[in-house]
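Counting starts at 1 for both ligands and their atoms, following the listed order.
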Amino acid sequence: MSASALHELEGLIGAGQVLRGDACARYETDERGLFHGRALAVLRPGSVAEVAALVRCCVSHGIGIVPHGGNTGYCGGATADASGTQAVVSLERLNRVLTVDADAHTMSVQAGVTLAAAQQAASEHGRLLPLAMGSQGSCQIGGNLSTNAGGLAVLKYGTMRDLTLGLEVVLPDGRVLDRLSSLRKDNTGYDLKQLFIGAEGSLGIITAAVLKLFPAAPRNCAWVSITAADAALPLLAALRELSGDAVTSFEYMSDAALALVVETTPEQRLPLSAAHHVLVEMLGKDDEDVLERALSTAAERGLLQDVVVAQSENQRRQLWRLRESIPPAEKRLGGSVKHDVSVPLAEVAAYIERARMAVLARWPRVRLSVYGHVGDGNVHFNVLAPLDEGAEDFKRRHGDAVSDVLHSLAHAMRGSFSAEHGVGVLKRGLLERYGDPVALAVMRQLKATLDPLNLMNPGKLLLPEGPAR
Ligand code: 2HG
Ligand code: ZN
């Protein structure tokens, strides 16, 4: 079966674009090294027509299809299974920015454009594509859409879903759903694009999108210390009000998370020493008045402890580098049991405290790395092995139990076990455990309608069988 299928595929997209054997290696393991698959082949189509053709071919041969973007996901959503029967479809050759319309504040891009390249194209036209995250140099727009990526500016601009006007998708039967619309108002039935955003490739392959842009504006940034995590929300509320809602990012970092950065990259210095830190960024004009004025009023009201305002672009970058160095610091120290929960804004501080107590009660010697986009309710509560225990050993022996504690707490607080990283393979069981049964049943119905043969990213997001696990 597969020999003739591969021959056909070579005819459709060119022999050089059908990779086999060792050439597949870099597409077969995820970024965190948690998932190792074996692909039948890696297919690198160069156009939407080629994507459609290869989908039809794979479906006619019963070959499962695994869409693959920048491979920066945390949940194994872009890795083939171990069977050697699934085809990985890399979108990396669909890497063209199609249009930037500065006046209309829109851009259209192919799915394989990296987020950084899309941001750059927008900025060359004086516009801002506000989606931002540590992996932006390699993650791709298609993956951002498929996971409904969040990141560092959700507080102001929303997630990828909020930034999307139109979408082009190759459906599991090979039809092309062309909704590459730039309309901001269009009430003509179901908003089909929403189905594919966050679907992790389980309903089709996203090939292009029309995105919203904003006027580019200078950013001003400050590092603030607060006395306790529960001081974060009142501070954010005041800063939003005092600045005319100019806050774009509000990133919380515990001292313990930042200690990992200093430990692994000692050349980095913390601007303030405190137990709780916040990186605040605001839209500015030509001066830094808005930020400084808002912060000094907040200080007068006793809403913060201390503050350092970045005095140059270079300093601004240094502050951001500290924040963005937390995940790589964890990685250098052997990795962590990672969590990506969200809870209602009013519950963030309570979640952090209750989680801390619950984890330390059972694992008193672990190291905690707690930080996140608390301005939108998203906490990364990561747990590292005790200093005298091997990281791999700890993760293997205790990882699931640690995650159970943290996920059930989020669930009890009406939160989510995946705020921005998606479900993939890693968390599909959690969807069964914590997801609403009616919502899950509707998801299954949609999946069965659009992909009756279960060939689109099989085994991701939804477990193949019913609830028992
Ligand atoms: C971040 O906020 C990313 O830096 C990664 O979502 C979080 O590594 C993590 O746990
Ligand atoms: Zn994050």
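When only non-hydrogen protein atoms are considered, atom 6 (O) of ligand 1 lies nearest to H421 NE2, 2.8 Å. Nearest to atom 10 (O) of ligand 1 among the protein's heavy atoms is N382 ND2, 2.8 Å. For atom 5 (C) of ligand 1, the closest non-hydrogen atom on the protein side is Y74 OH, 3.6 Å. For atom 1 (C) of ligand 1, the closest non-hydrogen atom on the protein side is R323 NH2, 3.4 Å.
Cation-pi check for R32 over Y74 is met; the charged atom lies under 6.0 angstrom from the ring centroid and within 45 degrees of its normal.
Contact annotation: the side chain of V247 approaches that of S243 to within less than 4.5 Å [non-hydrogen atoms, C-beta and beyond].
The Y371 neighbourhood of ligand 1 comprises atoms 7 (C), 8 (O), 9 (C), 10 (O), with distances under 4.0 Å to a heavy atom of that residue. Taking every non-hydrogen atom of H373 and a distance limit under 4.0 Å, the qualifying atoms of ligand 1 come out as 2 (O).
Side-chain contact, E251 with H373: a donor N or O sits under 3.5 Å from an acceptor N or O. For D81 and S83, the side-chain atoms include at least one donor-acceptor pair closer than 3.5 Å. A donor and an acceptor atom, one from each side chain of T72 and E31, are nowhere located under 3.5 Å apart.
Among K156, R219, R317, the one residue that satisfies the salt bridge (charged side-chain N to carboxylate O under 4.0 Å, His left out) test with E281 is R219.
The proximity of R32 to ligand 1, defined as any non-hydrogen pair under 4.0 Å, does not occur for either the backbone or the side chain. Using a 4.0 Å cut-off between heavy atoms, M133 makes no contact with ligand 1 at all.
Between H421 and H339, the ring centre distance reaches or exceeds 6.0 Å.
Residue-level check: among N/O/S atoms of E420, OE2 sits closest to the Zn ion (ligand 2).
Not one N/O/S atom of H421, from backbone or side chain, sits under 2.8 Å from the Zn ion (ligand 2).
Ligand 1 does not have E324 within reach: every non-hydrogen atom of the residue lies 4.0 Å or more from it.
Aromatic ring orientation, Y434 versus F417: tilted (interplanar angle from 30° to 60°).
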